[in-house]
Amino acid sequence: MKDMMKTLVRTGPDTPTGQLLRRYWIPVLLSKEIGDPDGPQVRVKILGEKLLAFRDSEGRPGLISEFCSHRGASLYFGRNEGNGIRCSYHGLKFDVHGKCVDVPQAPQVCEKMHVRGYPCIEKAGVLWAYMGPKDKQPAPPGVEWANLPESHVFVSKRMQECNYLQAMEGGIDTSHVSFVHRFEVDNDPFHQGTKANDYIKADGNVTFEIERHKGGLTLFGRRKGEPDSFYWRVTQWIFPWYNLIPPFGDHALGGHVWVPIDDENCWAWSINFHPDKPLSAEERHHLEVGKGVHCEYEAGTDVPGGTWRPKANKDNDYLIDRQAQKEGRAFSGVFGFAAQDASLQESMGAIQDHDAEKLLPSDRAIVMARRMLYEATVGLDQGQEPPGLESRAQRVRSAGVLLPHAQKPQEWAQVHLVAGEDQPVYSL
Amino acid sequence: MKDMMKTLVRTGPDTPTGQLLRRYWIPVLLSKEIGDPDGPQVRVKILGEKLLAFRDSEGRPGLISEFCSHRGASLYFGRNEGNGIRCSYHGLKFDVHGKCVDVPQAPQVCEKMHVRGYPCIEKAGVLWAYMGPKDKQPAPPGVEWANLPESHVFVSKRMQECNYLQAMEGGIDTSHVSFVHRFEVDNDPFHQGTKANDYIKADGNVTFEIERHKGGLTLFGRRKGEPDSFYWRVTQWIFPWYNLIPPFGDHALGGHVWVPIDDENCWAWSINFHPDKPLSAEERHHLEVGKGVHCEYEAGTDVPGGTWRPKANKDNDYLIDRQAQKEGRAFSGVFGFAAQDASLQESMGAIQDHDAEKLLPSDRAIVMARRMLYEATVGLDQGQEPPGLESRAQRVRSAGVLLPHAQKPQEWAQVHLVAGEDQPVYSL
Amino acid sequence: MKDMMKTLVRTGPDTPTGQLLRRYWIPVLLSKEIGDPDGPQVRVKILGEKLLAFRDSEGRPGLISEFCSHRGASLYFGRNEGNGIRCSYHGLKFDVHGKCVDVPQAPQVCEKMHVRGYPCIEKAGVLWAYMGPKDKQPAPPGVEWANLPESHVFVSKRMQECNYLQAMEGGIDTSHVSFVHRFEVDNDPFHQGTKANDYIKADGNVTFEIERHKGGLTLFGRRKGEPDSFYWRVTQWIFPWYNLIPPFGDHALGGHVWVPIDDENCWAWSINFHPDKPLSAEERHHLEVGKGVHCEYEAGTDVPGGTWRPKANKDNDYLIDRQAQKEGRAFSGVFGFAAQDASLQESMGAIQDHDAEKLLPSDRAIVMARRMLYEATVGLDQGQEPPGLESRAQRVRSAGVLLPHAQKPQEWAQVHLVAGEDQPVYSL
């Protein structure tokens, strides 16, 4: 267990888990952070590697090493023009692939001067990159929200100041919802006016059935529903860092991605979407001002290449309000799903001390996900292909559903929880 | 010597000196920092350990590990209610002893989920804890000021950004008073209008006699007094981190405690008290605004669980005023006893480089205290009980006294310098 | 190569390169930072050593250890009076040589209590120190600008947040001028109205000849001049950390010194001078407001003993202006020679990762300088005297000159590029 955890929290370029994660498409930036062709390039750190993202003259996105191959100066200070970034120190120029296309002082060595460059793709307003071996590039990301029209999806990101694993485990672990988020559901526009909310509040005693499948885990959480039914909430964890959250009533479905910046920080991506219709103007407004699983930002940080650090952060104790806590308006005194999660997960330390934890039976899903990730890491080292790379394996869906007492939710799920054009959306 | 110093400056949970210090009652917080029952819990770090202090529904103080035994989330974000702190992550609940009293998901494992908890006591407006082995808990702290009515005592604390040892040595070393503090005595209300002040200024050539006793050291400093007498100032160092300062005339007696936060920071506690009468309203006013050995604070830090960082600190060079230095209003340009001590002691580095120091004969008291601490540390490791644990050993007192040339101050002290109900207060 | 670079970037007291650098006179502070006799002493860190500079009662400059030999308290808090600094902790006093001249408590040990003290000299408004072995003190610094009347010279300094070597290499490497500084020459008053500017802009294809001599390197850069001539720019690198920049027309000559503060920071000194006449009032005004190779400072840092951190620094991305970059007003978007250099050199990391660099043929001068420094370092260790210590070796000069196609610039240089009273100033 100790070795397993020490392996899973290390994600730098030369680590086994880093190698595993580099086999998947990675959300890197919001597409809008590299706006127009030849616009300002931005810095971004992913999996411990300092990178530069830019859009070239033809509008192609590029993700290359931040540093010039010559003397190591940052290309952030370079010029983005003529289909490439020219280093301001000695004029070397690199295209979106990291290929060196000009060495003014010594054209003859041009070929040897390339920097690392990673294939990019844009989907759902997100710039994704593939940072693994060239001959292993998988199909584009298959998660449902990444393949919808932009009108149907809203994506935001925030920096979380801890290891990606403990952040992601919060997303797998649905049992914490009844505590830190307990009163939040009453504040949040994406939970209003639904029977789901009533079922959740009426029955805190959830029981879980967990299904392990090829590309992740499906969690079936059972609560009392109507007199003759159970209310099932079905949550997904998808390899290697996605989760999907069931909707409340007709509200949008949700999801997250947790991507290591380095081992002590991660990008926490938050997504809401309707599979079959655009988000309404009202919904979009709520999302843009940071409601639901999204957040407000520290001033000046929500800019291209910015830190995207939440306004409520560890330096201000997440704007904790002890009076609100006492009055039952916020369970911990912290408001907002994102800040509630971050406050607890960051308080565990930049990298949780796993030697000190004492897991409970209710942590079974977390234990299963850890094992699956570790098996995939070890397997990769032994020549096995990582799981869940096929686009289809990623096209699952979360749901909330009332089922007669006698009906098994797994059977229902086999029919209803595979996303796709010809599948109906299910929600309570 | 090198080994000795390297041992004494390390005070974490698993260090020999840390083990020694944990055998004594430790001032942890001002009682008022955990005000009302079920009020906000506060974080505090002591001897390298991150702790949470709170007052439960019945008003009992508790000092427990800051982190939940389950996943390691901070209990700072928990709920203080129903005689315990409930973790906001998954609802585990702990009482003032650190005992786990509820695990909503798995009641059957409750017994195994306890966190560390330390016995607490409140005296003189201070919350004290005992952090050593359960079967070794000593009698309550015996220092005189801790056992007086609250009306007679004023206690403050400030963070000092260096190792506790070099801070404490400043309190043992009375010879520095003639330098950095030289002009301060003229500014300070607790030195006004006394002959003691005149004696001190008239005779800088103090000579010391040092008496080693069971629980510490008594320093007898001799200056010229009246034509037929010497003016003796008698200072105490009490195991393992207390000192007592003689009064000036009828002004209050003083004292300090230096408690490691970690090895690079300490809590410098400052105390003034009258053994036999309340502090006057005027005295209390001066104390509350930071006169005497107390200080003003950096804005926003003197709050429950705050850093209690002085307004004059290393980031602003302790508000040094070179003009005042030139004009002889402040010896070093820094004002205030606390800032004067901190400026010098912090300038020695977070942990003084003891290899580079060259001690003088006038450092004898420091050398003796170091040896006594080291012997106690080594002794504890060999099964000996630490010195000065008995309450009586701590009930000594400082004094300033005129004695005929022929009278030995030790003889006088045997009669007059043991505090207690039936002992007269002595001051010049 | 790896060993060489790892050696050259380490300059602390006990390192081979540190030992080499300590054999030369070192610019330490601006003389004005220790203004009047008995004025405020200031802290300064050089080659990893924390020092205190002061001017004693007789006006003599002193550079001694920052810390008292007794307990290690900072002498910054001491009193500068009576031809020495008195420590505020216990009153020990030290003179400009570091000699202990008073130990109030124990006069008999005075002799043993000295601190390190380094010989100082003042030239061109700069305080220089010699920090090497006593019996090896070389002749005073021989660089031309240091030996001119103060009216002829302007010297400024700024902190640069990277290793001295990569900063200095920017000064040796003239090929970067055509890139990051390209548009700056049009903004700068010290480049206005000269044909030199036209030649440089008209012919970016410089070719270099490099001459290695006893005390450094002379770089001859050839561009097209008039129809029958070449325009040669002759730049100097002088052991171990100086460069000299050719003038533009009748404008002032320039130069730099890069002195390690520690291995991750250096003092970048910038100099302008006329060898044979005072700087005009207009020139001095431009220099004082930070034009040319000088800079503006972060508020409050350009004070005696301050950090002298530029206003444009890495925390604000050197005030990069992407619009100005797009419009061709600033090549990288950063304005000012100093900020342009710092932005690139600091972006290479506090200590450049030399394993990752790929040098070009145009880096020949850098490679030569590295080798010369390394040979000198290794040589010193083997008992050889460092190169370029003789004052004469340092008295070279930079120049810009039009020469007939057939004339070798080396021949011209032998006559014209040795500074001295009887030498004409040459500039285009």
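Note that the structure is a prediction, hence the values are computed from the model and not measured. Every chain is numbered from 1, with letters handed out A, B, ... down the list of sequences.
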*Asks:* Do Phe179(A) and Pro104(B) make a side-chain contact, defined as non-hydrogen atoms from C-beta onward lying under 4.5 Å apart?
*Replies:*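 Touching, per the 4.5 Å side-chain cut-off.
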
*Asks:* Is Asn80(B) close to chain A through its backbone or its side chain, or both, or neither, when contacts mean heavy atoms under 4.5 Å?
*Replies:*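 Only the backbone of Asn80(B) comes within 4.5 Å of chain A.
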
*Asks:* With a 3.5 Å distance limit and no angle check, can you tell me whether Lys326(A) reaches the backbone of Asp38(B) through a side-chain donor-acceptor pair?
*Replies:*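 Judged by distance alone, yes, a pair lies under 3.5 Å.
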
*Asks:* With only heavy atoms counted, which part of Glu66(B) is less than 4.5 Å from chain A, the side chain, the backbone, both or neither?
*Replies:*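 Nothing of Glu66(B), per the 4.5 Å heavy-atom cut-off to chain A.
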
*Asks:* Report the option among Ser69(B), Ala106(B), Cys68(B) that has the most heavy-atom pairs separated by less than 4.5 Å from atoms of chain A.
*Replies:*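 Answer, by heavy-atom pair count under 4.5 Å with chain A: Ser69(B).
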
*Asks:* Please check: side-chain N/O of Arg79(B) versus main-chain N/O of Ser332(A), any donor-acceptor pairing under 3.5 Å?
*Replies:*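 A pair under 3.5 Å: no.
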
*Asks:* Given heavy-atom pairs under 4.5 angstrom as the criterion, report whether the side chain, backbone, both or neither of Leu360(A) touches chain B.
*Replies:*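 Interface part for Leu360(A): both.
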
*Asks:* Please name all residues satisfying salt bridge (charged side-chain N to carboxylate O under 4.0 Å, His left out) with Glu150(B), sequence neighbours left out, ordered by chain then number.
*Replies:*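 For Glu150(B), no residue satisfies salt bridge (charged side-chain N to carboxylate O under 4.0 Å, His left out) once neighbours in sequence are set aside.
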
*Asks:* Any side-chain donor paired with an acceptor under 3.5 Å for Asp173(A) and His90(B)?
*Replies:*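 Yes, side-chain donor-acceptor contact under 3.5 Å.
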
*Asks:* Is it true that the NZ or CZ of Arg322(A) lies under 6.0 Å from the centre of Phe54(B)'s six-membered ring and within 45 degrees of the ring axis?
*Replies:*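 The answer is no; the distance or angle limit is not met.
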
*Asks:* Start with the C-alpha gap between Ser74(B) and Leu344(A), add the side-chain angles, then the distance that decides, and say whether side-chain contact (heavy atoms from CB on, under 4.5 Å) holds.
*Replies:* CA-CA 7 Å; Ser74(B) 174; Leu344(A) 294 169; over 6 Å; no

*Asks:* Identify which part of Asp363(A) has an atom lying under 4.5 Å from any heavy atom of chain B, answering side chain, backbone, both or neither.
*Replies:*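 Side chain only.
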
*Asks:* Tell me if a side-chain donor or acceptor on Lys358(A) pairs with a main-chain N or O of Lys112(B) at a distance below 3.5 Å.
*Replies:*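 A pair under 3.5 Å: yes.
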
*Asks:* Might you point out which heavy atoms bring Arg71(B) and Ile366(A) nearest each other, and give the distance in Å?
*Replies:*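 Nearest pair, atom of Arg71(B) first, then Ile366(A): NH1-CD1, 3.3 Å.
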
*Asks:* Can you tell me how far the CD atom of Gln325(A) sits from the OG atom of Ser88(B), to the nearest 0.5 Å?
*Replies:*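 Those atoms lie 6.0 Å apart.
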
*Asks:* Should we say atom NZ of Lys45(B) is surrounded by more than 12 heavy atoms from elsewhere, each under 6.0 Å from it?
*Replies:*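 Correct, the count exceeds 12.
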
*Asks:* Counting heavy-atom pairs under 4.5 Å to chain B, which of Ser175(A), Gly333(A), Ser343(A) comes out on top?
*Replies:*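 Answer, by heavy-atom pair count under 4.5 Å with chain B: Ser343(A).
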
*Asks:* What parts of residues 345-355 of chain A touch chain B if we use heavy atoms and a cut-off under 4.5 Å?
*Replies:*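 Hits under 4.5 Å: Gln345(A), Ser347(A), Met348(A), Gln352(A).
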
*Asks:* Tell me whether Glu327(A) at atom CD has more than 12 heavy atoms from other residues, nucleotides or ligands lying less than 6.0 Å away.
*Replies:*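 Result for CD/Glu327(A): enclosed.
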
*Asks:* Under a 4.5 Å heavy-atom cut-off, does chain A meet the side chain of Phe77(B), its backbone, both or neither?
*Replies:*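 Looking at Phe77(B), backbone and side chain both touch chain A.
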
*Asks:* Around atom NZ of Lys123(B), are there more than 12 heavy atoms from other residues, nucleotides or ligands closer than 6.0 Å?
*Replies:*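 Atom NZ in Lys123(B) is packed in, count exceeds 12.
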
*Asks:* Is it the backbone or the side chain of Ser362(A) that comes under 4.5 Å from a heavy atom of chain B, or both, or neither?
*Replies:*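 Only the side chain of Ser362(A) comes within 4.5 Å of chain B.
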
*Asks:* Using every non-hydrogen atom in the two residues, find where Arg86(B) and Phe331(A) come nearest and quote the distance to one decimal.
*Replies:*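 Taking Arg86(B) first and Phe331(A) second, the nearest heavy atoms are CD-CZ, 4.2 Å.
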
